[in-house]
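Structure first, commentary second.
Every heavy atom of this structure was used, including side-chain atoms; hydrogens, water molecules and symmetry mates were not.
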Amino acid sequence: QVQLVESGGGLVQPGGSLRLSCAASGSIFSINVMGWYRQAPGKKRELVASITSGGSSNYADSVKGRFTISRDNTKNTVYLQMNSLKPEDTAVYYCNADGLTYYSGGVYWASRSDAWGQGTLGTVSS
């Protein structure tokens, strides 16, 4: 019913920046919450940032002041601007969408489950 595709990962030096994008496609009417999670080698997946359809955002303490999450509801796309990157930011970053409502053939319906992207690798190394 929905596909999430992340892009924008890559290799940067410490102090550099990356901008991640996640586009949701399908018969989507609205998405309540979109967020970014990450999983570093040997660690559990953790929430990095989330944002509601109304623009309220939340950040992990480790990225506050450095990362900015935003979204374009008309495009069903969420972004993560990552500045002042540190080696410990190295991880696979996953896009998440929760509270989805679909519309197709004159019918609206709400999803019982959230959706995940395939992940994009961000590497911070000198």
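Taking CZ of R71 as the start and OG1 of T52 as the end, the distance is 7.0 Å to the nearest 0.5 Å. One finds the CD1 atom of I51 at 5.5 Å from the OG atom of S57 (value rounded to the nearest 0.5 Å). The line from OG1 of T123 to CG of L121 is 3.5 Å long, rounded to the nearest 0.5 Å. In this structure, CE in M34 is found 7.0 Å from OG1 in T77, a value given to the nearest 0.5 Å. One distance of note links CD1 of I28 with CG of N73; it measures 11.5 Å at 0.5 Å rounding. Distance check, rounded to the nearest 0.5 Å: CG of N83 to CZ of R19 gives 10.0 Å.
The shortest non-hydrogen separation linking L100 to D114 is CD1-CA, 4.4 Å. The shortest non-hydrogen separation linking V48 to V63 is O-CG2, 3.7 Å. S84 approaches D89 most closely through the heavy-atom pair O-OD2, 4.5 Å. In this structure, L18 and G9 approach most closely via the heavy-atom pair CD2-C, 4.5 Å. The minimum heavy-atom distance between P14 and S126, with the atom names listed, is CD-N, 3.8 Å.
Y103 is not listed as a side-chain neighbour of S27, based on a closest heavy-atom distance of 4.5 Å or more. Within the 4.5 Å cutoff, side-chain heavy atoms of N58 are placed close to those of L47. L20 is listed as a side-chain neighbour of W36, based on a closest heavy-atom distance under 4.5 Å. Side-chain contact between L80 and T68 is absent, with no heavy-atom pair separated by less than 4.5 Å.
Ion pairing between a basic and an acidic side chain is recognised when a charged N comes within 4.0 Å of a carboxylate O; D61 and K64 show such pairing.
E88 meets the salt bridge (Lys or Arg N to Asp or Glu O under 4.0 Å) test with no other residue; sequence neighbours excluded.
Both L85 and I69 sit in one connected hydrophobic cluster of ILVMFWY residues. Membership requires side-chain heavy atoms under 4.5 Å apart, directly or through other members. Residues M82 and V12 share a hydrophobic cluster, clusters being chains of Ile/Leu/Val/Met/Phe/Trp/Tyr side chains in contact below 4.5 Å.
Between the N96 side chain and the A115 main chain, a donor and an acceptor come within less than 3.5 Å of each other. R38 places no side-chain N or O within donor-acceptor distance of the main-chain N or O of V92, the cut-off being under 3.5 Å. Distance alone, capped at 3.5 Å, is enough to place a donor-acceptor pair between the E6 side chain and the C95 backbone.
Sorted by first and then second residue, the ring-ring contact (aromatic ring centres under 6.0 Å, His included) pairs involving residues 47-99 (not counting sequence neighbours) form an empty list.
Y108 and F29 have perpendicular rings, their planes meeting at more than 60° on a 0 to 90° scale where under 30° would count as parallel.
Shown here is Q3, whose CD atom has no more than 12 heavy atoms of other residues, nucleotides or ligands within 6.0 Å.
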#### Entry: Q81/S17 under side chain to side chain contact (heavy atoms under 4.5 Å, CB included): CA gap, chis, key distance, verdict
CA-CA 7 Å; Q81 180 67 44; S17 299; 4.0 Å; yes

